[in-house]
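So the structure is just underneath, and the comments pick up after that.
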Amino acid sequence: MQVTKVFCNFASNIMPFPIQIDIMELILKGMLIGIIASAPMGPVGVLCIRRTLNKGRWYGFVTGVGASVSDIIYAMITGLGMSFVMDLITNPTNKFWLQISGSVVLLVFGLYCWKSKPKSNIHPSSKNGKGSLIHNGITAFLVTFSNPLIIFLFMASFAQFAFVIPNHPVEMTLGYASIVAGALVWWYGLTWLVDKVHNKFDENGIQMINKIIGSVVILFSLVVLIGTVFNLYTIQY
């Protein structure tokens with residue numbers, strides 16, 4: 001933290017606007033948001049796993065890269081929209097209810113992950129028709145981009161983490177880059193794991209990943225929800 005403060009003090013002397021932002025915290029928030037957006041085993045997650053099993057690890061990874069490109073577009077759209085209403089959501093009362101809503105959305109999202117049972121035959125791939133890495137990335141991008149509902153997940157995550165910082169384009173650029181980094185870390189780790197245990201990985205493995213992700217998101221959302229409620233109670237009383 002001391003290093004971050006020194007960096008911020010140095011940067012404030014050379015930048016045209018004051019910096020009062022914990023850069024390291026912003027990066028960690030961005031990476032966590034990227035992982036949250038990428039981790040659920042929906043159609044693209046299943047597609048990534050199947051391509052890893054059928055074509056090879058790097059075909060699975062570029063599938064994740066394509067999905068990450070779509071996610072960052074929707075993340076930037078979400079951040080731009082929220083920046084226009086920043087005066088409204090920085091009001092303590094409005095911020096409280098926004099964080100409560102974000103926690104509830106993340107809780108519902110976690111429950112959905114826990115109960116969902118993705119079908120292993122979604123977007124089947126074959127060894128005889130691998131296609132190029134670019135083709136695999138583009139098709140994953142199109143599959144992900146066709147689902148704009150991811151915006152609601154970004155809205156909940158941005159609200160919960162207080163991620164949007166208006167009038168700080170450099171820091172927000174770093175934050176969005178961190179979202180991409182978090183997503184790529186997830187896809188790289190997932191394809192590495194699937195490649196290592198490919199002989200034992202099946203539909204039950206996919207469901208287990210969803211249950212683990214759902215449990216973590218549920219626990220996190222409950223902790224934050226309770227913390228937000230009791231923090232307001234402490235302030236008021």
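Being a predicted model, the structure only gives us computed values, none of them experimental. All residue numbers refer to positions in the sequence shown, counting from 1.
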Inset, instruction - Output every pair passing side chain to side chain donor-acceptor pair (under 3.5 Å) with a member in residues 139-156, not counting sequence neighbours, ordered by first then second residue. - result: Arg51-Thr139
Legend entry - Gap between atom CE of Met172 and atom CG of Leu80 - 0.5 Å precision: 10.0 Å
Inset, instruction - Return the minimal non-hydrogen interatomic distance between Thr191 and Gly60, and the atom names on each side. - result: CG2-C, 3.6 Å
Inset, instruction - State, with a plain yes or no, whether a side-chain heavy atom of Arg50 is found less than 4.5 Å away from one of Val46. - result: yes
Legend entry - Ser70 side chain vs Phe145 backbone, donor-acceptor pair below 3.5 Å: yes
Legend entry - Set of side chain to side chain contact (heavy atoms under 4.5 Å, CB included) partners for Leu222, sequence neighbours left out: Leu107, Ile218
Inset, instruction - Flag the pair Trp187 / Val65 as yes when at least one side-chain heavy-atom distance between them is below 4.5 Å, and no otherwise. - result: no
Legend entry - Close side-chain approach of Thr52 to Leu190, heavy-atom, < 4.5 Å: no
Legend entry - Nearest-0.5 Å distance that lies between atom NZ in Lys196 and atom CG in Leu193: 10.5 Å
Legend entry - Residues that Tyr188 engages under side chain to side chain contact (heavy atoms under 4.5 Å, CB included), provided they are two or more places apart: Arg57, Trp58, Phe61
Legend entry - Short side-chain to backbone donor-acceptor contact, Lys29 and Phe161, under 3.5 Å: yes
Inset, instruction - Mind checking the CG-OG1 spacing from Leu133 to Thr63? Nearest 0.5 Å is all I need. - result: 9.0 Å
Legend entry - Atom of Gly34, atom of Ser38 and distance for their closest heavy-atom approach: O-OG, 2.9 Å
Inset, instruction - Measure the CE-CD1 distance between Met155 and Ile77 for me, rounded to the nearest 0.5 Å. - result: 12.5 Å
Legend entry - For Leu28, side chain to side chain contact (heavy atoms under 4.5 Å, CB included) partners two or more places apart: none
Legend entry - Flag side-chain contact, heavy atom, 4.5 Å: Ile179 against Asp71: no
Legend entry - Heavy-atom pair with the smallest gap, counting every atom of Ser68 and Leu184: OG-CD2, 3.9 Å
Legend entry - Ile49 side chain near Leu53 side chain, heavy-atom distance below 4.5 Å: yes
Legend entry - Distance, nearest 0.5 Å, that separates CD1 of Ile150 from OG of Ser157: 8.0 Å
Legend entry - Heavy-atom pair of closest approach, residues Phe158 and Gly79: CE2-N, 3.7 Å
Inset, instruction - Show your working on side chain to side chain contact (heavy atoms under 4.5 Å, CB included) between Asp195 and Trp192 and close with a plain yes or no. - result: CA-CA 5 Å; Asp195 185 59; Trp192 176 85; 5.8 Å; no
Inset, instruction - For Tyr176, check ring pair (Phe, Tyr, Trp, His ring centres under 6.0 Å) against everything at least two apart and list the hits. - result: none
Inset, instruction - State the CZ-CG distance between Phe141 and Asn136, to the nearest 0.5 angstrom. - result: 15.0 Å
Inset, instruction - Please examine the side chains of Leu26 and Ser178, heavy atoms only from C-beta on, and report whether any two atoms are closer than 4.5 Å. - result: no
